[in-house]
Amino acid sequence: MSDNEPLLGQNANTRDEDSWDWRPGYHRAQEATASLMNSRAKHWLVLVLIILDVAGILSDIFIALITCELDVEHDEWVAPTRRGLAILSLTLSSVFLVELIMSVFADGLRYFSSWLHTFDGIVIVVGFAVDLLEHNTAGEIASLIVILRLWRFVKIVDEFSVEAEERAEGQTEELRKRIADLETQNAALEAQIGR
């Protein structure tokens, strides 16, 4: 061994920056995220969260209208109830924003190729911004935008259509197998009759 040779070999503890590639790990994470985002459990969870969000929004609107009409907006239960509904709304907006980010990570910009996803993404981002601004002077303007969040009802329909599509795909596959079995049986019976 000469004085110029490393003791542990040429590339022992050094990483060749040209050969290291992060893309396989990224693609595995992207595929795992896509699998999660397209799962039945995720669709049902989002459906429940949307229903909670819409119920919270409607509750806040009804409480505001009723307390104003009855002139009891300064009762001790009103402020904590509306604050709790605002916290619920901000929490759910944050969850929907995380869902949007994960969907874009999973599908890339192809996620926005559907007008439904594009509009839903806009509503999620605007709804999140509204929830953040609602605690400031922009509350009056923000309350108008809350109506857009009722758009999430359309998202419920979309979730149901995805569920129905998945169920139909499963039934279609079962029917194809059944047809193949029947065709095999039919061919066998025709062969027996033909003898």
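Below, all heavy atoms of this structure are taken into account, side chains as well, without hydrogens, waters or symmetry copies.
- T67 and V78 get closest at one heavy-atom pair: CG2-CG2, 3.6 Å.
- No donor-acceptor distance shorter than 3.5 angstrom exists from the side chain of S35 to the backbone of E31, with no hydrogens or angles considered.
- Taken to the nearest 0.5 Å, the CD1 atom of I124 stands 7.5 Å off from the CG atom of L97.
- Considering every non-hydrogen atom in both E76 and P80, the closest pair reads O-CD, 3.1 Å.
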Take Y111 and T118, measure what side chain to side chain contact (heavy atoms under 4.5 Å, CB included) needs, and give me the verdict at the end.
CA-CA 8 Å; Y111 179 79; T118 303; over 6 Å; no
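- Rounding to the nearest 0.5 Å gives a distance of 11.0 Å between CG of L52 and CD1 of I57.
- Atom CG in L175 sits 10.0 Å away from atom CG in L182 (nearest 0.5 Å).
- Hydrophobic clustering, defined by side-chain heavy atoms of Ile, Leu, Val, Met, Phe, Trp and Tyr closer than 4.5 Å, groups V98 together with L36, M37, M102.
- The minimum heavy-atom distance between L49 and L92, with the atom names listed, is CD2-CD2, 3.7 Å.
- Counting heavy atoms of neighbouring residues, nucleotides and ligands inside a 6.0 Å radius, atom CG of L70 exceeds 12 of them.
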With side chain to side chain contact (heavy atoms under 4.5 Å, CB included) as the criterion, how do D107 and F112 come out once you've worked through the C-alpha distance, each side chain's angles and the decisive distance to 0.1 Å?
CA-CA 9 Å; D107 296 334; F112 295 112; over 6 Å; no
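- Taking CZ of R176 as the reference point, atom CD of Q171 lies at 12.5 Å (rounded to 0.5 Å).
- The closest side-chain heavy-atom distance from F96 to V123 is not below 4.5 Å.
- A distance-only check finds no donor-acceptor pair linking the side chain of S89 to the backbone of L85 [under 3.5 Å].
- Here F105 pairs with Y26 under the ring-ring contact (aromatic ring centres under 6.0 Å, His included) rule; sequence neighbours left out.
- Annotation: side chain of L189 is in contact with side chain of Q192 (closest heavy-atom distance under 4.5 Å).
- Proximity of a side-chain donor or acceptor of N38 to a complementary backbone N or O of A34 within less than 3.5 Å is detected.
- The distance from the CD1 atom of I63 to the CG atom of L58 is 11.0 Å, given to the nearest 0.5 Å.
- In this structure, the separation between CG on L45 and CD on E99 is 9.0 Å, given to the nearest 0.5 Å.
- Of all heavy-atom pairs between G56 and L88, the closest is CA-CD2, 4.4 Å.
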